[in-house]
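First comes the structure, then the notes that go with it.
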Amino acid sequence: MTEKLSDTARSTMVEPLLETGWALTEGRDAIEKTFKFDDFTEAMGFMMRAAIWAEKWNHHPEWSNVYSRVSVCLTTHDVDGLSQLDVKLARKMDKLAGQPG
Ligand SMILES: C[C@H](O)[C@H](O)[C@H]1CNC2=NC(N)=NC(=O)C2=N1
């Protein structure tokens, strides 16, 4: 059963994400990041690759795309807050984007 991250888990698992461009969302227990790509095609390719992992893990981002940018917000609706799934997907997205931050 997915659980909300504990305070300890937040400092060990979420804080490192803040170093790679993720930020805590105002007013929500969520993290967000805007990925910038060279063009629309690169942005779409990232979304497709990330979508495959989201579906495989049954954990889906709240995201939007404007041309070469993809804005992502991750939170776990089932627990109304951040869980390990959000950390896992955030790490995967960073890898798929090939950008440290
Ligand atoms: C029924 C389905 O398995 C659930 O709604 C899954 C789908 N994807 C999900 N994605 C996210 N971000 N949070 C969830 O709680 C969630 N739950």
Side-chain angles (χ1 to χ4, degrees):
M1 164 65 185
T2 311
E3 290 173 2
K4 239 184 204 177
L5 288 179
S6 66
D7 289 347
T8 313
R10 288 166 193 267
S11 49
T12 56
M13 298 174 75
V14 175
E15 276 181 27
L17 290 172
L18 306 183
E19 303 300 314
T20 67
W22 291 90
L24 295 172
T25 304
E26 287 278 314
R28 285 186 79 185
D29 189 19
I31 52 174
E32 59 189 45
K33 178 172 180 176
T34 296
F35 293 86
K36 300 172 188 67
F37 298 92
D38 290 341
D39 54 33
F40 177 72
T41 307
E42 290 298 310
M44 279 297 107
F46 165 76
M47 291 184 85
M48 287 309 299
R49 291 193 302 276
I52 290 164
W53 285 97
E55 191 58 18
K56 176 183 170 80
W57 290 338
N58 190 34
H59 192 70
H60 304 86
E62 298 172 12
W63 53 0
S64 60
N65 158 251
V66 178
Y67 181 53
S68 61
R69 290 170 184 261
V70 179
S71 297
V72 179
C73 179
L74 299 178
T75 190
T76 302
H77 307 127
D78 291 344
V79 298
D80 194 23
L82 283 172
S83 76
Q84 284 202 331
L85 291 168
D86 300 304
V87 173
K88 192 164 113 174
L89 188 52
R91 287 174 181 159
K92 178 60 72 176
M93 286 183 157
D94 280 346
K95 281 201 187 80
L96 292 172
Q99 303 165 6

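Please read all numbers here as calculations on a predicted model, not as lab measurements.
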Quiz prompt | With T2 via side-chain hydrogen bond (donor to acceptor under 3.5 Å, both in side chains) - residues at least two apart | solution = none
Exercise. Start with the C-alpha gap between T34 and V72, add the side-chain angles, then the distance that decides, and say whether side chain to side chain contact (heavy atoms under 4.5 Å, CB included) holds.
Key: CA-CA 6 Å; T34 296; V72 179; over 6 Å; no
Side-chain donor-acceptor pairs of residues 79-87 under 3.5 Å, sequence neighbours excluded:
| residue | atom | partner | partner atom | Å |
| --- | --- | --- | --- | --- |
| S83 | OG | T76 | OG1 | 2.6 |
| S83 | OG | L85 | N | 3.2 |
| D86 | OD1 | H59 | NE2 | 2.6 |
| D86 | OD1 | T75 | N | 3.1 |
| D86 | OD1 | T76 | OG1 | 3.4 |
| D86 | OD2 | T76 | N | 3.3 |
| D86 | OD2 | T76 | OG1 | 2.5 |
| D86 | OD2 | S83 | N | 2.8 |

Quiz item: Can you list every ring-ring contact (aromatic ring centres under 6.0 Å, His included) pair that touches residues 5-27, not counting sequence neighbours?
Solution: W22-F35
Quiz item: Quick one: salt bridge (charged side-chain N to carboxylate O under 4.0 Å, His left out) pairs with a partner in residues 51-67, sequence neighbours left out?
Solution: R28-E62
Exercise. Determine which pairs satisfy salt bridge (charged side-chain N to carboxylate O under 4.0 Å, His left out) with at least one residue from residues 7-16, sequence neighbours left out, and list them in order.
Key: R10-D29
Quiz item: Which atom names give the shortest non-hydrogen contact between P61 and L74, and what distance separates them?
Solution: CB-CD2, 3.6 Å
Quiz item: With sequence neighbours left out, which residue pairs that include part of residues 69-78 fulfil the salt bridge (charged side-chain N to carboxylate O under 4.0 Å, His left out) condition?
Solution: none
Quiz prompt | Test side chain to side chain contact (heavy atoms under 4.5 Å, CB included) applied to W53 and M93, step by step | solution = CA-CA 9 Å; W53 285 97; M93 286 183 157; over 6 Å; no
Quiz prompt | Pairs satisfying ring-ring contact (aromatic ring centres under 6.0 Å, His included), at least one member in residues 64-97, at least two apart | solution = none
Exercise. Taking side-chain contact (heavy atoms from CB on, under 4.5 Å) as the test, write out the residues that go with T41, two or more places apart.
Key: D39
Practice problem: Please name all residues satisfying side-chain hydrogen bond (donor to acceptor under 3.5 Å, both in side chains) with S11, sequence neighbours left out, ordered by chain then number. | Solution: none
Quiz item: Who pairs with A51 by side-chain contact (heavy atoms from CB on, under 4.5 Å), at least two apart in sequence or on another chain?
Solution: W63
Practice problem: Check whether any side-chain heavy atom of R91 lies under 4.5 Å from a side-chain heavy atom of M13, and answer yes or no. | Solution: yes
Quiz item: For N65, which residues count as a side-chain contact (heavy atoms from CB on, under 4.5 Å) partner, sequence neighbours excluded?
Solution: F40, A43, M44, M47, V70
Quiz item: Looking only at atom types and distance, does a side-chain atom of K33 sit under 3.5 Å from a main-chain N or O of A90, one as donor and one as acceptor?
Solution: no
